[in-house]
Structures are given as structure tokens and as C-alpha cells.
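To start, the structure under review is shown below, and the notes come after it.
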Amino acid sequence: MKTNTMVMIPGPTPVVRSIQDQMGREIQAFGDPRFVKDYQGVIDDLQELFACDGTTFVVAGTGTLAMEMAIANTTKKGDNVLIVSHGFFGDRFIEICTRKGLNVDVIRSDWGKTVPLADLEKKLSEKHYAAMTVSHVDTATGAVADIAAIGEMMKKFPDTIYIVDGVAATAGEYENLKEMNIDILFTASQKAFGVCPGLLILWANQKALARRASLGTIPEYYVDFDKWTPVMKDASKYFATPAVNLVWALQESVRLVKEEGLKPRYERHLKNARAMQKALESVDLKPLADPDHRAVTLSNLLYPEGVEDAKFRAAMLEEGVIVAGGLGAYAGKMFRLGHMGNIDINDEVAVLGVIERVLNQCGHPVPYGKAVGVYLEEMAK
Ligand SMILES: *Cc1c(COP(=O)(O)O)cnc(C)c1O
């Protein structure tokens, strides 16, 4: 019998039944008062949940478009931008910014670590930056940045827009614009919100909106805040067609998030992640990220000596679990396992069981039940 396939990559993440059901609903016109109410409700809920005093944008597109949107609305050609890169997705901002004609400085950490706060502060003191980007969790490394501490430090640099890429973090790691002094935060629907791919969510506070206003007409059209703001304030207005079923799916996801609460949701992710990481280490899969900087949304695991990447991942798929390969210098040396969103303890037990079977098939014998046992012990605490 063919097993079901669990999608355990760092996005798209598993979509629970109640969210899936929204994708299959009969379409409504975007001007239908019933849809307008739903769309407005999602936008307003997200605005409140993340403590945004500006505008929350829910727009068709992916996380990459949100990166472009953040830059487009806060910088103009010739401006200096500081990119804090902890890996592959941090680096993606470099091309987005250089294509726009921005002067880019990059400050990097080794993969699995994060840039020390003091180094950041020093860099920011050296010249004026219009904006600074930080990925909260870089999906390539599984390391998490201390965005709250960075936000506190940013109070010394009030002219620099603090942009946080939350694509692999938001609704898993804890985030709050006001408490953390974040000017722009964004994510995409398919990560910790557990919705199908296709929507970006971007929060811009008053400071970011003031920056947008100071720029006049910008070259970009679809991602211009000014085009979308009227729609976000009154969802009966039209600029470009909303992704109706995705908005409903997000509405259901946001309902689940609200029911759980953002902080308890983070605590659930934290407990699960630490239990998973301990369980995986017990079968010789070592997380790349420093113990002090491990994300709660995913783990990037280095193979033990002798386990071959292509064979391991093909066997995982055969047994019913898809995991992602390593990126950059870690291609072939590790795999990436998502554990974010609306997954539960039973999903994780299944995943760990498959990992145990596959390690045994790949010439790295481990006792059956070892990782599962460690995980269940931790979760019972
Ligand atoms: C996935 C991801 C992106 C890109 O999002 P897409 O939806 O694939 O465009 C950007 N940043 C981070 C941190 C991500 O994990």
C-alpha cells in the first residue's frame, strides 16, 4: 500500500482540513459584501494580533514579493541599505537592492550563527542607512536572530527603517511590532500560518508609512503601498483582484492562531522544537544552528558520517515524508525539516518513526523507538 506523503519541508507546511476546506469553497465576487467582510476581518485581525499601528497588507504573491515590497516602499535609488545576512534568504536581499540601484552593505555571520549586536551597532554608526533588513529565521540555516534586542538597539537609529523578514518565523516564533520596535514585518501564507502558497502578509508601522509618503511616486506599481492602502482600509475597494479562496484559508488560519494565542503558539513551537532537536540528536542528526540560536520553526540537520543525502531523502519520500535538501555549502551535507504551523505531536511521532527507519536503511543503525522515545519523554514534561 502506498503511504500518505507528509510535507515536512520549511514551507509549504501541512494544511489542516479546516483550512483546506476554504480552498474548495465556491468562488464569490471580490465585491460581494460577504467576501468584503471576510477580507476586512482578516486584515484587521492581523493588524491587532501583531500590534501594528500602521497598515497591514494582505496581497497575492509570495514572500519574495514581500521582500521587494518592503524595499520598494522605504528606499530610493542611491540610498544606503544594510543587509544583515544569516544565510541564503538574507543574501536574497542583495540582488533585490542592487537591481534597484541601492548601495548595499552586507554584514554576515557564519551559517548557524547570528551577527553579534555590537557589530551591528558599530556598522550602523559608521554611516546613514535608509533601511536595514534582518531575517528572523533564515531557512537555510535554522538560526534565529534576536529581533527584539535588535529592535531595542534600533531606537538609537530612528532614521533607519528596521525591516524583518519573518517568512520562516511569523506565527511560530513570537513577534510584535510595537514591543520589538519593528517598522516592517512580512511573511507568506505557506509557512507557519499553514495555508497554501500564494499570499504575502506585510505589516508597516506609522514610521514606515511616513517614509513611503516622503518618497513621492515610486517606480514600482503592484507593490506600491499607496495602491493597496485604500483597499486595506476598505476592502470593498479594488486595485487588483484578491485571491479570494486564499483569503478565506488565511481567515481560518488566523482564527486558529487567535484561538491559541500568539504567545502560547510560540510556546508550543518552542517545546516541540526542543523535543524534536533532542530526539534527532539522539540518533546522531546534529542541528547546524548553535544551541543558543536554534529556531523553533525548523531544524537543519547534519548527516552522520556515511549517510548519503540523495539516498536518505529518496528513502524518506518512499516512506512517506518529504524533507528539503541543504542549501549552499551545505548541499548534500544536511537536510531541512520543518516543524511549524498547525502540526501536532502525532505528526512528529510519525516523522521521527520514518527517520529511524530510513537511518537504518541508509547504513546508520539506530534502535527503533529511540528518537520517538526521547521526543515523547520531553513532550510529557
Ligand atoms: C521561504 C522564505 C522566503 C521566500 O518566500 P517565497 O514565498 O518562497 O517567495 C524568504 N525569506 C525566508 C526567510 C524564507 O524562509
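Indexing begins at 1, ligand by ligand and atom by atom, following the structure's order.
Within the structure, the side chain to side chain donor-acceptor pair (under 3.5 Å) test picks out the following pairs touching residues 370-381 (sequence neighbours left out): Asn272-Tyr375, Lys278-Glu378, Glu378-Lys381.
Remark: aromatic rings of Phe239 and Phe30 are distant, center separation not under 6.0 Å.
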Report all N/O contacts between ligand 1 and the protein shorter than 3.5 Å as a table of atom names and distances to 0.1 Å; if there are none, say 'none'.
residue	atom	partner	partner atom	Å
ligand 1	7 (O)	Gly63	N	2.9
ligand 1	7 (O)	Gln190	NE2	2.8
ligand 1	9 (O)	Thr62	OG1	2.6
ligand 1	9 (O)	Gly63	N	3.3
ligand 1	9 (O)	Thr64	N	2.8
ligand 1	9 (O)	Thr64	OG1	2.6
ligand 1	11 (N)	Asp165	OD1	3.4
ligand 1	11 (N)	Asp165	OD2	2.7
ligand 1	15 (O)	Thr139	OG1	2.2
ligand 1	15 (O)	Lys191	NZ	2.7

Report, one line per pair, each donor and acceptor closer than 3.5 Å where one atom sits in a side chain of residues 157-164; sequence neighbours left out.
residue	atom	partner	partner atom	Å
Thr160	OG1	Tyr129	O	2.7
Tyr162	OH	Ile147	O	2.9

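Nearest heavy atom pair, residue Gln361 against residue Glu319, reads NE2-OE2, 2.8 Å.
Counted by atom type alone, Asn300 and Arg294 present zero donor-acceptor pairs between their side chains at under 3.5 Å.
Shown here are the side chain to side chain contact (heavy atoms under 4.5 Å, CB included) partners of Lys178, two or more places apart in sequence or in another chain: Ala51, Asn176.
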